[in-house]
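Let me begin by presenting the structure, written as structure tokens, before commenting on it.
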There are 2 protein chains.
Amino acid sequence: MFSVPTKTQYGIRALVHLARIDAASPGAPSESEASAGIAKAEGIPSRYLEGILAQLKAAGLVLSERGKHGGYRLAKPASEMRMIEIVEALEGEVKPVGCLDDSGVCAQGDCCLPRIFWVGLKEAIDGYLGSRTLRDVIEG
Amino acid sequence: MFSVPTKTQYGIRALVHLARIDAASPGAPSESEASAGIAKAEGIPSRYLEGILAQLKAAGLVLSERGKHGGYRLAKPASEMRMIEIVEALEGEVKPVGCLDDSGVCAQGDCCLPRIFWVGLKEAIDGYLGSRTLRDVIEG
DNA sequence: GTATATTCCTATTAAAACGATAGGAATACC
DNA sequence: GGTATTCCTATCGTTTTAATAGGAATATAC
């Protein structure tokens, strides 16, 4: 139950990888690393990772540079990147059930009683994901 | 992200239905209701619900009686039925990633740093699901 | 003891999501 | 011009999900 798609696992590992590069030389302007390099280091299918990084870029979490010596780097410090931003960028909002916001709308039976329960679950998950940053993750 | 399969949503609604029957006549020995009746009341595909109730019975959450006037009823009071039992009966343990217990085993790159993060997520979810009972759900 | 209403068991199917691959265009450096 | 990279779009195979189907076993009612 609640297994996390590889896309998100890969995305987080890629960001961890980039964050550790930054952590290795503090203060210095962060250096780009190519998608293929990250993929190789992390054991992620290279072409697949390209698409994942594109999604992270669209969400404003990484910056990219094209051409030779291009690559990706974090768009902000790891300490300011909340895990919920990453998860939402890759998989969308945490949404246990479809009718999360439609109070009293469901036509059928006792559908709307569990709804409140699911809202609580979303809050528990969002609470955890919102309280952790990428920095917390690389520091274990 | 983290959408709950219809199987689990249906299962919970069926249990809510049974719990409300019990709640309607407190103290009395609980009455069985047939799968088809629950299905109709809750707008759940009837044959599909049969399989779900079979799973809940295998997990010891409901009791069944066959033959005419048969049906299902809760195996224990709603106040003693934790939501995590229900979820685990239908979908298995909460397990964000496969390597949850394999500390330091992953061969690849930074795989094991996020692992701790995923363990925390599991604990957050389990904590919520373990703190709520079926009774909490029917009381909103 | 026959009809009926139910649970129970096993298979099958249709559709969606997931995980990954592929070809090639655009861009930037040397 | 050559090369290394991001970027864009399409496709494909597998697995999971959601549901359906047929019928066997069992208990009650008359």
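Order of the sequence lines fixes the chain letters, A, B, ..., with proteins taken first and strands second; residue numbering starts at 1 for each chain.
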**Prompt:** Rounded to whole angstrom units, what separation is found between the OH atom of Tyr48(B) and the P atom of dT12(C)?
**Reply:** 19 Å

**Asked** Does CD belonging to Glu31(A) count more than 12 external heavy atoms closer than 6.0 Å?
**Response** no

**Under 4.0 Å protein heavy-atom contact, by nucleotide of nucleotides 2-16 of chain D - B base, S sugar-phosphate only** = --BBBB---------

**Item:** Side-chain (Gln9(B)) to main-chain (Val4(B)) donor-acceptor, under 3.5 angstrom
**Value:** yes

**Request:** Would you jot down, in residue-number order, the residues of residues 85-93 of chain B having a non-hydrogen atom under 4.0 Å from DNA chain D?
**Result:** none

**Request:** Could you check how far CD1 of Ile44(B) sits from C1' of dT20(D), rounded to whole Å?
**Result:** 16 Å

**Request:** Verify, without hydrogens or angle tests, whether Glu88(B) (side chain) and Glu93(B) (backbone) share a donor-acceptor contact under 3.5 angstrom.
**Result:** no

**Asked** Should the pair Glu85(B)-Lys76(B) be classified as a salt bridge under the 4.0 Å nitrogen-to-oxygen rule?
**Response** yes

**Request:** With the side chain counted from C-beta on, respond yes when Arg135(A) and Pro77(A) share a heavy-atom pair under 4.5 Å apart, and no when they do not.
**Result:** no

**Request:** Rounded to the nearest angstrom, tell me the gap between atom CG in Leu63(A) and atom P in dA28(C).
**Result:** 15 Å

**Request:** Give the rounded distance in Å between these two atoms: CZ of Arg73(B) and P of dT6(C).
**Result:** 16 Å

**Prompt:** Under 30°, 30 to 60°, or over 60°: which ring-plane class applies to Phe117(A) and Tyr128(B), parallel, tilted or perpendicular?
**Reply:** parallel

**Message:** Taking the side chain as everything from C-beta on, heavy atoms only, tell me whether Trp118(B) gets closer than 4.5 Å to Ile12(A).
**Reply:** yes

**Request:** Kindly indicate whether the side chain of Met81(B), heavy atoms from C-beta on, has any atom under 4.5 Å from the side chain of Leu61(B).
**Result:** yes

**Integer-rounded Å distance: dA19(D) P and Gln55(B) CD** = 14 Å

**side-chain N/O Tyr10(B) vs dA19(D) OP1/OP2, d < 4.0 Å** = yes

**Asked** Are the charged groups of Asp126(A) and Lys122(A) less than 4.0 angstrom apart, N to O?
**Response** yes

**Prompt:** When you check the phosphate oxygens OP1 and OP2 of dT17(D), does a side-chain N or O of Thr6(B) lie under 4.0 Å from one of them?
**Reply:** no

**Fill in**
Taken to the nearest whole Å, CD1/Ile52(B) to P/dT20(D) is 11 Å

At a cut-off of 3.5 Å, list every protein nitrogen or oxygen paired with a nitrogen or oxygen from nucleotides 13-17 of chain C, distance to 0.1 Å.
none

**Asked** Mind checking whether Leu134(A) and Leu74(A) have side chains closer than 4.5 Å, heavy atoms only?
**Response** yes

**Prompt:** Within a strict 4.5 Å, meaning less than it, do heavy atoms of the Ser35(A) and Tyr72(A) side chains meet?
**Reply:** yes

